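A quick note: this is a predicted structure, and the numbers were derived from the prediction, not measured. Every heavy atom of this structure was used, including side-chain atoms; hydrogens, water molecules and symmetry mates were not.
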Amino acid sequence: KQWYQRRVRDGNVSLPDVSMLDGKNVANISIDSEIEENVLMPKGGIALVIDGPSLGVVLEHDVRFTFLQVAKSCKTVVCCRCSPIQKAKVVALVSEKSFLWGDGAITLSIGDGANDVPMIMGAHVGVGISGGKEGRQAVLASDFAVAKFQHLNRLLFVHGNNTFSRIALLIMYSICKNTALALAQFWFGFVAGFSGQTMYFNFLFTLYNSLFTSFPILAIAVLEQIYPEEDLLRYPYIYKSCARGETQFNYETFFRWVGIGIWQSFAIFFVPFATLGSPAIDGMELGMWAQGTTLYCCLLLTTTLHIALFIRYWTWVNVAAITGSLALYVGFISLYCSTFLLDSEAYWVIYELLTIPDFWLCLVVTPVLGLLPELWGMGSSLFFGGRGRGIAQTAGRSPSQKKIAKNGEEPLLDE
């Protein structure tokens, strides 16, 4: 500390590349404004190397958060000659949430021996190296196993990025489609006087998430690739943006998806009611269930086409999931409305609707109007030289990524 203060006082604030700290002076560090400005926040970045005995001192309760702040200000921290329990304590310190100091970082530990097992098990993600010379204890205690350390690059940048993107899309789409389902019923409450009457058949309500809309999003959650593998390895900045929450999973993206769900609920409810009115055949009204069945058909078609717009990596599984979900609904509603045994009020409703031209008009107008924000966003993006992203996809991009898309390039990790 005195050495740094003397250099700052003399006007020489150039910093060494590596700061060596031992147990005695580490325990006596006090962070004042002068040291924090000139040492802990350098322009170039410094590295901290600390050995086992010194680490045992700084991991004490009274100075461990001070050590954490010093370590967070460094570009690299190397802990050498550490015991297995010390490795686990460092991981726990970094991942610990504290009101003033700890931010609860997501940690990953990688090791190849039995002495790395406590560290691997204490991290959020544990990676074991199977090609090590110290047995397979680390692999057995880990979440993922790689043959060599160099394979961590592909594990993080390719599989990690794809998994994050898939899960984020699954969560946001699930929120959107259920918002459209629930709010369409909410708008019907104004017509029904908030009596609690539903406009869908009970079986349709139950099978919406479990059967009719589950297969397309599950296929995306397993197979989707937003970026080619070569780009993910060449431009690590994509993974860095995901780790900081700048892309598919943030507040802006969440509210955009909710907004699209609200817009779709408007289209799904008001278009059939305005088009069909009171559907009738030969002067005989079909009743409320005909309206509800029409709304459900429009809802299912809109949400299924919506998720199809987000698929970047088309496979036969995606095509089978989308077409199969729609075919499954057609077969179910045809069987459901063809017998008195399941629901007497549903008998022959769908077959009578098929003879009304306005019903087919609703099936065309409602999805187009419900997907208009996404179609507009994709068209605008393509017109202005983007990649054809929709409103919800564009909302989840960081400012730097929007600038990149405009220039048609991606920055490297150091940029």
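Side-chain contact of N250 with T253: a donor-acceptor pair under 3.5 Å is present, judged by distance alone.
In this structure F215 satisfies the ring pair (Phe, Tyr, Trp, His ring centres under 6.0 Å) test with no other residue, sequence neighbours excluded. K177 pairs by the salt bridge (charged side-chain N to carboxylate O under 4.0 Å, His left out) definition with nothing, not counting sequence neighbours. Take F332 and apply the ring pair (Phe, Tyr, Trp, His ring centres under 6.0 Å) test, not counting sequence neighbours, and it matches F212, Y336. With sequence neighbours excluded, the residues forming a side-chain hydrogen bond (donor to acceptor under 3.5 Å, both in side chains) with R64 are H61, E96, listed by chain and number. Taking L369 as the reference, W263, A267, V271, L372 meet the side-chain contact (heavy atoms from CB on, under 4.5 Å) condition, with sequence neighbours excluded. Every residue meeting the side-chain contact (heavy atoms from CB on, under 4.5 Å) condition with T163, not counting sequence neighbours, appears here in chain and number order: I167. With sequence neighbours excluded, the residues forming a side-chain contact (heavy atoms from CB on, under 4.5 Å) with V78 are V49, T76, listed by chain and number. Partners of W314 by side-chain contact (heavy atoms from CB on, under 4.5 Å), not counting sequence neighbours, listed by chain and number: A308, I311, N318, V319, I322.
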Can you list, pair by pair, the side-chain donor-acceptor contacts under 3.5 Å of residues 292-301, counting residues two or more places apart and other chains?
residue : atom : partner : partner atom : Å
T293    : OG1  : W289    : O            : 2.7
T294    : OG1  : A290    : O            : 2.8
Y296    : OH   : L204    : O            : 2.8

Atom pairs and distances, side-chain donor-acceptor, residues 191-203, under 3.5 Å, sequence neighbours left out:
residue : atom : partner : partner atom : Å
S195    : OG   : A192    : O            : 3.1
T198    : OG1  : Y200    : O            : 3.4

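Taking every heavy atom of both residues into account, I350 and S334 meet most closely at CG2-CA, 4.5 Å. Nearest heavy-atom pair across I226 and N162 is N-OD1, 4.4 Å. Minimum interatomic distance between Q264 and H306 (heavy atoms only, all atoms of both residues): NE2-ND1, 3.2 Å. Taking all atoms of both residues into account, the shortest heavy-atom contact from A105 to H124 is O-CE1, 3.4 Å.
Screening residues 150-163 for salt bridge (charged side-chain N to carboxylate O under 4.0 Å, His left out), with sequence neighbours left out, gives R154-E229. For the side chain to side chain donor-acceptor pair (under 3.5 Å) condition, the pairs that include at least one residue of residues 265-274, sequence neighbours left out, are W187-S265.
Aromatic ring pairs are classed by plane angle as parallel below 30°, tilted from 30° to 60° and perpendicular above 60°; the pair F186 and F190 is perpendicular.
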